[in-house]
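First the proteins, then the strands, lettered A, B, ... as listed; each starts at 1. Computed from heavy atoms alone, side chains included, the values below leave out hydrogens, waters and symmetry copies.
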Amino acid sequence: MNQKPPPSNTQDANEDITQDFIRDIINKDLKSGYHTSVVTRFPPEPNGHLHIGHAKAICLNFGIANEFSGQCHLRFDDTNPSKEEQEFVDAIKEDVQWLGFDWGEHLHHTSDYFEQLYSWAEYLINKNMAYIDDLSAIQIREYRGTLREPGKNSPFRDRSIAENLALFRKMRAGEFKNGEKVLRAKIDMASGNINLRDPVIYRIMHAEHPRTGNAWCIYPNYDFAHGQSDAIEKITHSICTIEFEDHRPLYDWFITNLPVPSKPRQYEFARLNLTYTVLSKRRLKQLVSEKYVSGWDDPRMPTISGYRRRGYPAVAIRDFTNRIGISKSNSTIEVQSLEACVREHLNQIALRRMAVLKPLKVVIENYPDGQTEEFEAKNNPNDENSGTRKIQFTREFFIEQDDFMEDPPKKFFRLAPGREVRLRYAYFITCTAVLKNEEKEIVEIRCTYDPETKGGNAPDGRKVKGTIHWVAAPYAIEAEIRQYEHLFTKEIPGENGEFLDDINSESLKILSNCKLESALKNTPIGETIQFERLGYYSADKDTSSSHLIFNQTIELRDTWGKNKRSENA
RNA sequence: UGGGGCGUAGCCAAGUGGCCUAAGGCACCGGCUUUUGAUGCCGGCAUUCGGAGGUUCGAAUCCUCCCGCCCCAGCCA
């Protein structure tokens, strides 16, 4: 059937191209000759940071452009200067690029078209299809009617074309205050579709615009600006989310009645929802401004910058959006699905290292004091080409507190009194004693090692069930490690009330005495590494030369821990 | 008793009248492998497509009715 397009630079070979109703439409449009090329656009409003829901739209629009050898524009929908800021513009560009997409020459702003948009507004007035209304916002609402009752015409609806034109020009000239007058499209106050009940298309807003400064005091709203901007840019397929579906008749009304240079069409898909996550701009903003998180890029945030800081690879996010597909039905994807993508990609590329998060000191009684041995450890056992690094072994080292139990159940195959385990890449050791403090807490473990098992295998062929990780005490690097849980305790935060009530108070845990193997010394900020048997960790930007900080990206799958947890439950 | 959408397994989602006793992914459950209780590999997981009728030799796909869920009454996008 359809030939698979060649992989592009942003498309890994294993990123399969999925089929969906939008790509079906595009294929038909191309086949029928209705279009000869494809132009899409991603049109964010610069009033917040991008999140995983935007990533779905970005991957869709840019992905389609790549697959069909078309073009995807990045267009800032900057029609509301009271809400928009340059800071967001810069952050959005960075995020789109980080995700792996390139808009080339096609960085646009709706504000680039203000003059054209204005003249089309006059065009509508001249065709008696738009009028100036003096009604207040409250009155307009009253006149609009309700969902079940039709609206009624504004008393100003039948002004003459000449008067409308004169008034509109005065609006532009700044002769009125905010809210005194608006320009409305003259459509149908009785329409069942409320968007068609004479929608406001220009409002007076004496505000400085980040790009046009004080050139304008009237600004077009979304409905008037968006479709016409699409037409100017010759967008072929204008893809947006479901809630704009009943704006489409209005979109089409403008495109039909205005002398626009092309006739784009709008298609809608369902926006993304994720369990244990909040994705509305309002809520995300609130989490930041009310300091529930450290910022837009807090590693617990579902923002692109949050995931980046957390250590998620861009390819995992792209792959995720591919896997979940595109449809029109409202859906909530389990975050575990995203996390599975992250693990899958990290498993392939992440370097392996050893780190002990909650250290427990071990002393090998029959190992010479002051001696250091070096072992060769694989950087990634699943990747033959990843090479090796050296790890030091000494008489004293740290193991994970969780890897020792004084009185273990049968199925615990880590260290316990009298039991033998393998130290990864080193020796078999057997626990001979447990030292405790006055509070009866375990402070140190004594062991013996078998020199014959160097490298991790016994010449006599005996097996051990467990292999644990460790870090040599004299060579250990100290680090702070930030462990994360989902930001919310409920699958659907706020489902039964206030979403802030569902915030997980345990979502961040800081471990400060962690011991890392020496090879971790100069880990580049942002690099994600697997701490063996624990999970993936990424060096945080707060790191300084004297204070190393890692963010937990995602834990390894843990069937042992999971079973234990469900037994306790 | 306004308008617009959606309903296929726990969560997504292919499917557009016969090759569907319904792809694929996530989750889950078994087994094998394993110096990460990770990874990998193998196998299992909807006789059924919101429900009821109907059309047809044949329906998840067409028709009718019903049920459920979502969106819209900003001079936000």
Side-chain angles (χ1 to χ4, degrees), chain A residues 16 18-20 24 43-45 47 77 79-80 82-84 133 135-137 140-142 144-151 178-184 190-197 199-205 218-219 221-223 225-226 240-249 268 270 275 281 320 322-341 343-344 347-348 352 354 377-378 381-382 411-414 422-426 428 455-457 463-469 491 530-535 555-563:
Chain A
D16 291 331
T18 54
Q19 197 54 28
D20 53 66
D24 282 348
E45 182 189 15
N47 69 342
D77 216 341
T79 59
N80 188 347
S82 68
K83 291 189 171 180
E84 295 149 7
D133 199 344
L135 254 29
S136 70
I140 286 179
R141 183 161 68 235
E142 286 165 0
R144 185 151 35 224
T146 69
L147 294 180
R148 287 181 49 198
E149 290 152 17
N178 287 355
E180 246 182 86
K181 289 186 168 33
V182 291
L183 180 68
R184 289 231 250 172
S191 173
N193 182 343
I194 289 178
N195 294 300
L196 263 21
R197 317 239 262 231
V200 169
I201 59 177
Y202 261 93
R203 73 282 212 198
I204 299 168
M205 207 182 278
I218 58 172
Y219 292 94
N221 73 351
Y222 170 84
D223 285 307
H226 198 90
C240 62
T241 46
I242 286 284
E243 66 270 26
F244 291 100
E245 202 152 19
D246 49 19
H247 289 242
R248 194 172 61 225
E268 309 85 12
T275 55
K281 257 185 198 174
F320 169 70
N322 245 311
R323 287 188 197 188
I324 59 177
I326 299 294
S327 77
K328 296 190 71 163
S329 49
N330 290 327
S331 62
T332 301
I333 280 108
E334 297 170 329
V335 252
Q336 290 84 345
S337 182
L338 204 210
E339 293 168 348
C341 279
R343 282 198 192 93
E344 187 179 312
N347 177 49
Q348 295 168 30
R352 270 60 170 174
M354 291 202 285
K378 289 176 178 171
N382 295 351
K411 284 194 172 172
F412 182 84
F413 37 92
R414 279 112 97 144
R422 171 167 37 231
L423 254 21
R424 173 134 243 229
Y425 294 119
F428 285 12
N457 288 301
K463 303 282 182 199
V464 289
K465 272 179 285 185
T467 299
I468 63 174
H469 60 277
E491 283 205 355
Q530 185 192 104
F531 291 174
E532 291 205 64
R533 302 211 306 130
L534 297 173
E555 77 235 303
L556 248 32
R557 226 175 236 108
D558 178 15
T559 42
W560 163 250
K562 198 175 66 178
N563 291 338

Within the 4.0 Å heavy-atom criterion, would you say A:R144 contacts the bases, only the backbone, or no part of the nucleic acid? sugar-phosphate
In whole Å, I'd like the distance from the CG atom of A:D20 to the C1' atom of B:A23. 16 Å
Using a distance-only criterion (donor-acceptor N/O pair, under 3.5 Å, no hydrogens), is the base of B:G37 paired with the side chain of A:R414? yes
Which part of the nucleic acid does A:P43 contact within heavy-atom distance under 4.0 Å: base, sugar-phosphate only, or nothing? nothing
Take A:S331 and A:S329 through the side chain to side chain donor-acceptor pair (under 3.5 Å) test and state the conclusion after the steps. CA-CA 6 Å; A:S331 62; A:S329 49; 5.7 Å; no
Are A:K328 and A:E268 within salt-bridge range, i.e. N to O under 4.0 Å? yes
Separation between the C1' atoms of B:G17 and B:A59, rounded to whole Å: 6 Å
Could you tell me how far B:G2 sits from B:C11 if I compare only their C1' atoms? Round to whole Å. 34 Å
Mind checking A:V200 for me? I need base, sugar-phosphate or nothing, with any heavy atom below 4.0 Å counting as a touch. sugar-phosphate
What nucleic acid atoms does A:L147 come within less than 4.0 Å of, heavy atoms only: base, sugar-phosphate, or nothing? base
Between A:R184 (CZ) and B:G74 (C1'), how many Å, whole number? 13 Å
Under 4.0 Å between any heavy atoms, over every strand shown, what does A:T146 touch: base, sugar-phosphate, or nothing? Just pick one. base
Counting just side-chain N and O atoms, does A:T79 come under 4.0 Å of either OP1 or OP2 of B:A77? yes
Ring-plane angle category for A:Y222 and A:H247, please: parallel below 30°, perpendicular beyond 60°, tilted otherwise. perpendicular
Phosphate contact (B:G74 OP1 or OP2) by A:R203 side-chain N/O below 4.0 Å: no
Note: for A:I242 and A:N382 on RNA chain B, the residue whose nearest nucleotide lies more 5' is A:I242
When the distance from CZ of A:F244 to P of B:G5 is rounded to whole Å, what number comes out? 17 Å
A:R148 CZ to B:C72 P: how many Å, rounded? 18 Å
Regarding A:R323 and A:E344, does a basic nitrogen lie under 4.0 Å from an acidic carboxylate oxygen? yes
Any side-chain heavy atom of A:N382 within less than 4.5 Å of one from A:Q348? no
Take atom CD1 of A:I201 and atom P of B:A77, then tell me their distance rounded to the nearest Å. 13 Å
For the base of B:G37, is there a side-chain donor-acceptor partner from A:D558 under 3.5 Å away? no
Under 4.0 Å between any heavy atoms, over every strand shown, what does A:H247 touch: base, sugar-phosphate, or nothing? Just pick one. base
With sugar-phosphate meaning primed atoms plus P, OP1 and OP2, does A:N47 contact a base, only sugar-phosphate, or nothing at under 4.0 Å between heavy atoms? nothing
When all nucleic acid strands are considered with a 4.0 Å heavy-atom cut-off, which category describes A:M205: base, sugar-phosphate, or nothing? sugar-phosphate
Is A:I140 touching bases, backbone alone, or none of the nucleic acid, heavy atoms closer than 4.0 Å? base
Closest-nucleotide 5' rank along RNA chain B - winner of A:L423 and A:N178: A:L423
Touch class at under 4.0 angstrom, heavy-atom based, for A:S191 against every strand present: nothing
Nearest to the side chain of A:R141 - B:U36, B:G74, B:C71? B:G74
What integer distance in Å separates A:Q19:CD from B:G25:C1'? 17 Å
Determine whether a donor-acceptor pair (N or O, by modelled atom type, separation under 3.5 Å) exists between the side chain of A:R203 and the backbone of A:I218. no
Whether the side chain of A:D223 engages the backbone of A:P199 through a donor-acceptor N/O pair (distance < 3.5 Å, no angle test) should be reported. no
Give the rounded distance in Å between these two atoms: CD1 of A:I194 and C1' of B:C72. 6 Å
Would you mind classifying the nucleic acid contact of A:S136 as base, sugar-phosphate or nothing, using non-hydrogen atoms under 4.0 angstrom? base
Using the side-chain heavy atoms of A:K328, tell me which of these nucleotides is nearest: B:U36, B:G5, B:G4. B:G5
Phosphate OP1/OP2 of B:G5: any A:S329 side-chain N/O under 4.0 Å: no
Considering every strand and a 4.0 Å limit on heavy-atom distances, what is the contact class for A:F413: base, sugar-phosphate, or nothing? base
Sort me out a list of protein N/O and nucleotides 26-28 of chain B N/O pairs below 3.5 Å, or just none if empty.
from	atom 1	to	atom 2	distance (Å)
B:A27	OP1	A:R557	NH2	2.5
B:C28	OP1	A:K562	NZ	2.7

Quick check for you: among B:U39, B:G5, B:U16, whose closest atom lies nearest to any side-chain atom of A:D24? B:U16
For a stem of at least 3 consecutive Watson-Crick or G-U pairs with distances under 3.5 Å, i pairing with j, i+1 with j-1 and so on, which stems involve RNA chain B? B:2-7 with B:67-72, B:10-12 with B:24-26, B:28-32 with B:40-44, B:50-54 with B:62-66
CH2 of A:W560 versus C1' of B:U36: gap in Å, rounded? 16 Å
So what does A:E268 hit on the nucleic acid, given a heavy-atom distance under 4.0 Å: a base, only sugar-phosphate, or nothing? nothing
Within the 4.0 Å heavy-atom criterion, would you say A:K411 contacts the bases, only the backbone, or no part of the nucleic acid? base
I need the single residue from A:R352, A:R424, A:H469 that forms a side chain to side chain contact (heavy atoms under 4.5 Å, CB included) with A:R533. Which is it? A:H469
Glycosidic conformation of B:G74, taking syn as within 90° of 0 and anti otherwise: syn
Side chains of A:E45 and A:N80, donor plus acceptor under 3.5 Å: no
